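Scroll down for the structure; my scribbles are underneath it.
These numbers come from a predicted model, not from an experiment. Letters A, B, ... mirror the listed sequences (proteins, then strands); counts begin at 1.
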There are 2 protein chains.
Amino acid sequence: MRDILEIQRQLMPDFLEVMKKRYTVLHHIMVSGSIGRRTLALSLDMTERVLRGEIDFLKSHGLIEIEASGMSVSEVGRQLLERMEPLIKEVFGLTDLEEQIRSAFNLKQVVIVAGDADHSSFTKRELGLAGAAVLRKNVTNDDIIAVTGGSTMAGIASQLVTSAPLKGSWFVPARGGLGESVEMQANTIASEMAKKTGGQYRLLHVPDDLGEEAYQSLMQEASIKEIIDFVRKCRIVVHGIGDAMIMAKRRKVDLETTANLQQAGALAEAFGYYFDRSGAVVHKMPTLGLQLEDIQRTEIVIGVAGGKSKGEAIASVLRFGHEDILVTDEAAANEIIKHF
Amino acid sequence: MRDILEIQRQLMPDFLEVMKKRYTVLHHIMVSGSIGRRTLALSLDMTERVLRGEIDFLKSHGLIEIEASGMSVSEVGRQLLERMEPLIKEVFGLTDLEEQIRSAFNLKQVVIVAGDADHSSFTKRELGLAGAAVLRKNVTNDDIIAVTGGSTMAGIASQLVTSAPLKGSWFVPARGGLGESVEMQANTIASEMAKKTGGQYRLLHVPDDLGEEAYQSLMQEASIKEIIDFVRKCRIVVHGIGDAMIMAKRRKVDLETTANLQQAGALAEAFGYYFDRSGAVVHKMPTLGLQLEDIQRTEIVIGVAGGKSKGEAIASVLRFGHEDILVTDEAAANEIIKHF
DNA sequence: AACCGATGGGACATAAAACGTCCTAGCAGC
DNA sequence: GCTGCTAGGACGTTTTATGTCCCATCGGTT
């Protein structure tokens with residue numbers, strides 16, 4: 001069943017919206033017993049005319065009966081509602097979750113795909129697909145898009161296809177090398193995205209673990225500086241979110257820092273910053289590229305991460321308060337709600 | 001799965017059409033490998049602009065890739081097509097069948113519901129629902145609608161609901177009493193339909209098994225004559241279709257006539273006439289009401305019958321050649337095709 | 001190398017559908 | 001009989017879908 005809905009969501013995204021709407025109307029009529037058009041419109045927060053369209057449809061298909069005293073569901077409609085119950089639970093589940101999280105963290109948009117990326121590689125693909133779709137929808141012309149590394153971001157890259165606005169865009173790594181394996185480094189992902197979409201890219205080649213003086217001298221380098229300025233002009237940031245300790249380990253952070261992180265209660269990592277439960281920054285990786293203030297003024301910040309194990313981490317980053325769009329999966333979404 | 005599609009078919013009939021269309025387009029692109037818009041439009045019998053709308057959609061959702069040399073399905077699209085296969089088989093199965101039967105017997109419209117009315121009472125309900133929907137769609141204002149008896153017709157009556165044009169309509173029995181049990185007699189059904197829709201009705205009370213002189217004297221009766229003339233002015237006929245032998249038995253036809261029927265190869269019964277395999281009339285029940293010539297000039301003749309066991313009978317009546325719309329179920333439809 | 005045909009994409013007027021808004025007659029319960 | 005609902009009609013406006021061209025471009029063929 002879920003697969004059918006997924007297919008339909010992919011082939012006709014509006015479809016499920018209409019289904020939700022019709023169901024809501026029908027269901028509301030049933031609950032109300034007998035109700036009038038205007039009253040119903042008010043209660044459903046629809047305009048009278050739109051509701052009327054639905055009413056006409058439902059009536060013409062014999063799902064409701066209309067009398068002078070108001071509308072009521074017909075026997076056929078009642079049976080339909082009953083049969084729909086499990087289906088609607090499925091359809092609504094995710095969209096309800098989306099709306100809950102969206103309003104809880106004051107986001108612009110939340111997209112949830114079904115499943116758990118921790119256990120299902122299919123869900124991972126879905127996550128990549130959804131991320132790619134969100135990116136495609138938000139990009140306009142000649143945008144600069146900063147991306148981070150990680151397997152989720154790689155998943156997005158693999159699902160991207162070309163489109164007119166994407167073709168003129170620039171893909172850049174959000175920050176310098178952060179010690180991941182090559183195929184998951186931001187540089188690699190930026191270039192792959194550019195390749196997939198027909199867009200352009202610029203890379204930021206800086207070694208990890210810079211000492212203060214090396215850092216300063218690199219910043220003096222005109223070519224490096226020029227690229228960093230370019231990166232900081234980005235309109236869109238797409239980034240993954242990780243568990244703080246796992247990320248620290250993967251990046252081979254030294255023991256002392258790891259201890260500090262642990263003590264500070266670091267839970268999550270995103271674009272090189274570590275966040276505690278309350279969303280406060282407790283540590284920063286010393287590398288070039290986008291800084292916190294850049295994130296804050298970036299027009300569209302898109303976070304993509306899934307899997308039950310990442311739920312808490314995602315909640316932390318959301319609490320940080322500068323995300324605009326979140327793409328996640330069902331398992332993580334349920335965790336996020338728990339940690340609200 | 002089938003249930004989900006049934007629900008959706010009921011709640012949003014257009015969307016399955018959209019699904020079919022999008023699938024067809026996508027599938028065709030895959031089969032063609034790389035193809036241009038105009039060529040594709042020609043091959044799919046769509047206008048260029050409409051196809052373009054679909055193309056834009058498919059592209060914006062990353063299901064196809066567009067290059068200067070033409071369009072091709074993306075990896076994502078390919079996966080979607082693969083996943084859709086069983087789904088589409090289900091969705092298309094019926095509509096394909098519909099079209100096959102429609103063109104085979106030169107009908108105006110064929111509606112097929114899923115299942116087998118012989119075995120599933122749910123399919124029987126669906127059949128009634130579909131019949132009611134077809135009737136509702138075809139009725140205009142103040143129509144005279146002649147109906148026959150039978151359990152299928154009773155099913156339609158039970159699913160009818162009121163609507164503006166139906167309210168002004170007249171329901172009449174197509175022919176006089178044909179020896180069924182009361183709740184399945186045409187008279188009963190006509191009055192129930194009127195009750196359900198808010199329409200009006202007139203009944204035709206004539207005894208069964210009329211002798212020739214009684215027949216003649218009844219015809220002289222002004223009130224009877226008046227009603228019969230009224231019935232014959234009908235614009236719409238809705239009738240069931242039965243197996244000849246079963247109907248003969250149910251109506252307690254005498255042994256001699258039964259033997260005659262058998263010898264003449266009677267297969268099907270509809271509105272009091274018996275048809276053989278080729279669709280020729282081999283017997284006629286002696287009662288008042290609509291005659292064959294009336295059926296022939298009636299604007300809309302709607303036949304409703306389902307169940308595998310009735311397939312052959314339905315095919316016979318269709319071959320008779322004066323049906324306009326057929327409402328049946330999947331099992332019967334498959335039989336009908338076999339007997340073409 | 002030049003040409004031809006098919007390609008995607010842009011543009012625009014028009015038809016059609018969706019929509020917001022207001023009005024009216026009628027029925028139900030008080 | 002009055003009040004507050006009800007459904008349904010009407011109409012102008014806005015948005016969307018559609019038919020119909022045109023054009024620059026790319027690929028393959030001559």
Legend entry - Euclidean distance, atom CE of residue M46(B) to atom P of dA17(D) [Å, nearest integer]: 15 Å
Legend entry - Residues which pass salt bridge (charged side-chain N to carboxylate O under 4.0 Å, His left out) with R136(A), listed by chain and number, not counting sequence neighbours: none
Legend entry - Residue pair E85(A) / H27(A), side-chain donor-acceptor N/O under 3.5 Å: no
Legend entry - Approximate separation, where rounding is to 0.5 Å, of S74(A) OG and L26(A) CG: 8.0 Å
Legend entry - ring-ring contact (aromatic ring centres under 6.0 Å, His included) partners of residues 53-87 of chain B, not counting sequence neighbours, each pair once: F57(B)-H61(B)
Legend entry - Cationic N near anionic O, under 4.0 Å, E6(A) to R9(A): yes
Legend entry - Atom-pair distance (CZ on R49(A); P on dC23(C)), nearest Å: 16 Å
What pairs of donor and acceptor atoms, side-chain ones from residues 98-106 of chain B against any protein atom, are under 3.5 angstrom apart with sequence neighbours left out?
{"residue": "E98(B)", "atom": "OE2", "partner": "I112(B)", "partner atom": "N", "Å": "2.9"}
{"residue": "E99(B)", "atom": "OE1", "partner": "R102(B)", "partner atom": "NE", "Å": "3.1"}
{"residue": "E99(B)", "atom": "OE2", "partner": "R102(B)", "partner atom": "NH2", "Å": "3.2"}
{"residue": "R102(B)", "atom": "NH1", "partner": "L107(B)", "partner atom": "O", "Å": "3.0"}
{"residue": "S103(B)", "atom": "OG", "partner": "E99(B)", "partner atom": "O", "Å": "3.2"}
{"residue": "S103(B)", "atom": "OG", "partner": "Q100(B)", "partner atom": "O", "Å": "3.2"}

Legend entry - I35(A) CD1 - dA7(D) C1' separation (whole Å): 14 Å
Legend entry - salt bridge (Lys or Arg N to Asp or Glu O under 4.0 Å) contacts touching residues 71-80 of chain A (sequence neighbours left out): E75(A)-R78(A)
Legend entry - Gap between atom CE of M46(B) and atom CD1 of I55(B) - 0.5 Å precision: 8.5 Å
Legend entry - Contacts of type salt bridge (charged side-chain N to carboxylate O under 4.0 Å, His left out), residue D143(B), not counting sequence neighbours: R235(B)
Inset, instruction - List for me each residue that meets side-chain contact (heavy atoms from CB on, under 4.5 Å) alongside T24(A), sequence neighbours excluded, and say none if there are none. - result: L44(A), F92(A)
Legend entry - Interface residues of residues 50-78 of chain B with DNA chain D (non-hydrogen, below 4.0 angstrom): V50(B), A68(B)
Legend entry - Atom NZ of K124(B): over 12 foreign heavy atoms under 6.0 Å: no
Inset, instruction - Send over the distance from D14(B) CG to dA18(C) P, rounded to a whole Å. - result: 9 Å
Legend entry - Partners passing side-chain hydrogen bond (donor to acceptor under 3.5 Å, both in side chains) against R202(B) (at least two apart in sequence or in another chain): E226(B)
Inset, instruction - Please work out which residues in residues 18-29 of chain B have a non-hydrogen atom less than 4.0 Å from an atom of DNA chain D and list them by number. - result: none
What nitrogen or oxygen pairs link the protein and nucleotides 22-24 of chain D at under 3.5 Å?
{"residue": "dC22(D)", "atom": "N4", "partner": "R38(B)", "partner atom": "NH1", "Å": "3.4"}

Inset, instruction - Kindly write out the residues that satisfy side-chain contact (heavy atoms from CB on, under 4.5 Å) with S69(A), not counting sequence neighbours, or none if the list is empty. - result: S34(A), E67(A)
Inset, instruction - Starting from the first five and the last five pairs of the helix from dA1(C)-dT30(D) to dC30(C)-dG1(D), work out the angle between the resulting helix axes, to 10 degrees. - result: 30°
Inset, instruction - Starting from P on dT21(C), measure out to CG on L42(A) and report it in whole angstrom. - result: 14 Å
Legend entry - N or O in side chain of T47(B) less than 4.0 angstrom from dT18(D) OP1/OP2: no
